[in-house]
Amino acid sequence: MPRTTDVDDVPPLKPMEFHILLVLLERDVHGYALVKQLEERMPEGGRILPGALYRSLNRMADEGLVEESDWRPDPTLDDERRRYFKITDLGRNVARAEAERMESLVRESRAKKLLAPRSS
Amino acid sequence: MVYRLLYRLLLPAFPAAIRHRHGEDMAQLFADRCREARRGVSAPRGILRVAGLSLLAVRDALGQGLAARMGASTTRGSAGAEPADGRGGSLPVGGGAPNPAPRRPATSYLADLAYDLRYTIRDLLTSRSFPSVAVGSLAIGIGASTAIFTLVNALILRPLPVAAPHELVQLTTVDTGITTQNLTNPQWEALRDRGADEFDGLFAVGTRYFRVGDEEDPIRTRGLLVSGSLFSTLGLQPAVGRLIEAGDDVRGCPGIAVLDHGYWQSRYGGDPAVVGRTIRLRGHPFEIVGVAPQTFHGLTVEAVDSIYAPICSEAVLNGESSILDARRTWAFRAVGRLRQGTGMPEARAQLDALGPAVLADAVPLNYGAESRAEYLSGRFEMAPFATGFSSLRDQYERPLMVLLGAVTVVMLIVCSNLANLLLARTARRRPEIAMRVALGAGHGRLLRQFLTESLLLAGAGALGGVAVAFGISRGLVSLIAPADGSLALDLSLDLRVLGFTTAAALAAGLLFGIGPALHAARTDPNATMRGRAGGGAPSWRRGGSLVAAQVGMSLVLLSGAALLVGTFWRLETLDPGFARDRVLLLDVEIRDPLEPEPLRQTFVDLTDRLRAVPGVEAASYAELTPISGNAISEFVVPTGYESLLDEDVEVLVHRVGEDYFAAIGSPLLFGREFSDDDVEGSEPVAILSESAARGLFGEADVVGRRFHRRMSDTEVGEPILVVGVARDAVYRSLREQDTATAYFALRQQPARFFGGTVTYHVLPVPGAAPLPGLQAAAEDVAGNVRMSASPLSAQLSASLARERLLATISAAFGLLALFLAVLGLYGVMSFNVVRRFPEIGVRLALGSSVGAVFGLVLRQAAWPVAAGLGLGALGTAGAAGTVESLVYGVDPYDARILVGCAVVLALAATASAALPARRAARLDPLVVLRRDE
């Protein structure tokens with residue numbers, strides 16, 4: 001799979017992928033922790049299963065948005081079987097581009113009175 | 001571990017790239033989720049949650065796997081290619097670059113799943129009978145499989161609840177090709193003291209029944225004598241106090257005891273202050289030092305050991321008759337834990353090196369040269385011990401495997417029935433499917449829709465099955481439990497059982513769903529929408545071949561059931577050589593301490609009193625009762641015959657009282673019964689069974705002849721006079737009818753042969769109820785007695801538990817299979833008749849007679865049934881070998897049984913095909929032809 005290096009070459013992010021990048025911006029995490037954080041962002045009762053998560057991660061890794069992390073927690077807490085993921089520079093840029101895109105959409109929505117003007 | 005294994009089964013759904021890169025992580029994530037689902041809730045609730053999660057994971061894996069594969073293929077293909085699902089790709093949103101390979105967002109699959117589920121449930125709810133038939137039959141099939149697997153799991157698969165059970169091995173000795181499970185205490189001590197360093201600990205245990213409590217009212221309680229290393233080797237921690245340690249197990253030790261957790265709860269109310277208190281075992285005070293952990297109940301799968309005491313304290317229990325130095329009492333089993341990193345070969349090599357010295361240290365003292373050489377030629381062997389001891393396992397392993405095979409066949413029949421029903425449903429839904437295809441639904445989409453339906457049905461069936469299994473497995477246990485109910489099998493639903501149920505449900509869902517789903521996905525909308533007969537209707541051939549398969553499998557099950565029911569019936573009704581339904585067994589225990597001689601006299605006096613009780617025809621006593629599971633055998637030689645060793649006759653030895661044969665309702669063929677003159681010191685006499693007489697002397701009437709016991713390789717005992725010849729009777733097992741038996745007079749044996757308890761055999765006058773009289777007589781003669789009575793027939797019946805289990809379950813399976821096969825044929829024929837309405841209408845309009853139409857339909861049914869019977873006959877012949885060792889009195893290759901079952905099946909099949917045939921023959925051609933216009 002060819003790796004893209006430019007933000008513009010990356011197809012638009014799916015909501016789940018964007019959320020994954022947002023979680024990884026905070027710290028490197030393993031699959032289970034990622035799922036727990038993603039589920040906190042979902043409506044009550046939402047559940048993410050291994051197939052959905054790792055298909056997304058696989059695709060994002062192919063596109064160079066995430067990669068395996070060398071970071072390990074304190075050895076007493078570590079479980080060797082777990083693999084940690086981190087966001088790449090490209091991932092960071094793509095996330096930013098996505099956020100900007102959303103911001104422009106929000107701005108447009110306000111202009112068209114779809115949303116109330118910002119109260120502050 | 002199990003969760004990870006379960007998820008690995010799903011990994012093939014994903015493309016290799018994902019599988020290799022993330023497979024282990026995915027399995028780990030699934031395991032994490034399962035553990036989370038079970039956290040903080042009760043076990044059954046946790047298991048239900050895990051089951052739900054597993055079903056979701058299956059759906060997730062199938063959906064995501066398929067999506068990933070499709071994503072991969074479209075990316076590899078030319079830009080702009082249509083995605084395989086035919087619904088068009090999602091539009092790029094916002095300001096991204098043009099999307100070279102449009103992918104469906106993951107949410108769309110979730111939406112599809114939600115849609116599929118909603119659609120399936122709505123659709124199933126419109127038909128009342130189909131979902132209830134499907135879920136009901138799946139619940140029965142999955143429930144029966146799970147129940148049998150629960151038993152297999154409890155008895156054969158579940159490891160002991162100790163640290164790393166797979167490192168444990170049992171040590172046995174083998175000499176002259178015979179494996180001995182037990183060691184003598186001198187052998188065990190020699191082995192222990194030589195220090196086998198390839199083992200991380202060795203221990204020995206011996207099962208004992210202790211009389212616990214005060215002298216007035218002791219309770220017989222099962223316990224273990226254990227070496228000091230038992231608990232440490234197993235890695236167990238006490239619940240209270242401490243466990244038995246190496247320092248406790250030294251010769252001359254005082255009596256100490258560790259209690260089982262359940263025993264501690266029930267007898268002491270879980271009081272931690274029990275430590276330091278005294279418990280009386282066989283009247284001797286033992287100090288309680290602690291309580292074993294809650295999960296550990298000893299090393300025998302089907303029993304609970306309530307009390308543990310160190311082996312050395314056996315001397316406290318038995319005093320002068322202690323077996324600690326007995327070199328011919330094989331009373332202990334030894335188990336070792338392989339050192340980490342040590343394989344079986346290293347451990348075996350060490351045992352081979354230590355073995356000769358260990359055995360030499362413990363040679364039985366009175367062995368002759370040959371016996372000694374044979375003994376010393378022995379060596380130690382090892383066998384895996386992860387699952388503990390079980391006598392039931394040896395007895396039931398094969399029957400359970402046979403039943404597991406049978407229930408698999410039942411499941412296959414259930415699946416083929418459901419496949420047939422689904423095929424018919426698919427045919428009815430053809431116009432709707434064609435419409436969906438025409439509107440752009442792809443093969444994959446339809447396939448998933450149909451698989452959702454079958455997996456949903458299978459999931460519901462599995463839930464019902466768990467409930468069914470709960471009931472059936474307890475029923476099964478009651479079939480194999482001894483009369484006193486002392487069977488403590490742990491039938492809890494663990495992960496292994498859950499995994500089995502999930503796998504069975506998945507396999508069933510795919511098995512009965514995939515055919516109809518593929519069939520539906522191939523629907524040609526053009527043909528279907530143009531004409532009723534268009535492409536995609538399931539062919540008669542397919543339905544017919546499923547019926548043939550069902551009939552074949554049913555025949556195998558029915559024939560098997562006939563053999564096993566026949567076996568049970570033969571054994572239930574055979575003449576055991578005594579009055580099986582009349583004899584009453586009376587266990588009388590004299591509880592006043594008496595010296596052996598007065599004790600013997602009391603028992604003999606009691607016999608006379610029992611005979612005098614009104615309603616008693618005859619009464620006697622014996623050392624053992626028939627079919628009690630115990631037997632003693634000896635080699636004997638006729639007098640005046642210089643036999644070679646290998647020409648000795650082996651006889652079962654049975655020591656009995658005066659008039660014993662009258663008391664069991666089996667008059668002698670020749671000679672006399674033992675009498676009051678046959679006492680210790682008088683000329684030794686014996687009564688031989690007819691087989692023993694013929695074996696020893698070549699004829700039946702051998703009264704007056706003499707024979708000897710073989711004492712050693714070169715010596716024989718004093719001559720024994722044959723005073724009578726008895727009918728052959730069963731002794732050890734109902735299956736052994738003509739075993740050579742030598743009966744000796746119990747009163748000619750030393751007085752110690754009469755223990756505290758004697759079993760009287762009483763033959764009541766038909767219709768009499770002499771029990772109160774017997775009780776009064778016993779109390780009158782012996783004072784403080786405990787008496788319990790049971791019919792001999794109950795003992796015989798209990799000995800047939802295995803046969804009863806096999807007969808009951810196989811008969812149930814056979815009938816279920818017959819019912820399902822008939823139902824399947826009925827379904828296919830009905831469907832087929834409806835399909836042929838136009839053709840039949842034309843035939844009738846052209847003058848075909850009602851009989852001809854009836855025959856037409858029946859002939860069509862005859863082919864799959866005949867083919868099925870042929871296949872079934874082959875299958876039955878193939879399967880005969882697997883039940884050969886389980887049957888008795890019937891020949892598994894007997895063609896009459898096969899033909900009988902085939903006739904039953906054929907008749908049932910004809911009846912089930914006759915209903916649709918009658919419907920066809922009663923058609924009004926005008927109505928049919930008009931409808932077809």
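Note on naming: letters A, B, ... go to the chains in the order of the sequence lines (proteins, then strands), and numbering restarts at 1 for each one.
With hydrogens and angles ignored, the 3.5 Å screen pairs no side-chain donor or acceptor of B:Asp32 with any backbone N or O of A:Tyr32.
Between B:Glu36 and A:Lys36 there is a side-chain heavy-atom pair separated by less than 4.5 Å. Between A:Arg55 and B:His22 the shortest side-chain heavy-atom distance does not fall below 4.5 Å.
At a 4.5 Å heavy-atom cutoff, the contact between B:Phe14 and chain A is made by side-chain atoms alone. Only the side chain of A:Leu53 comes within contact range of chain B, with heavy atoms under 4.5 Å apart.
B:Arg33 contributes atom CZ, which lies 6.5 Å from atom CG of A:Leu49 (distance to the nearest 0.5 angstrom). From A:His30, atom NE2 reaches atom CD of B:Gln28 across 8.5 Å, with rounding to the nearest 0.5 Å. Atoms CG and NE2, on A:Asn58 and B:His20 in that order, are 12.0 Å from each other to the nearest 0.5 Å.
Among the candidates B:Leu29, B:Leu11, B:Leu10, B:Asp25, the single residue satisfying the side-chain contact (heavy atoms from CB on, under 4.5 Å) test with A:Pro50 is B:Leu29.
For B:Gln64 and A:Tyr54, the side-chain atoms include no donor-acceptor pair closer than 3.5 Å.
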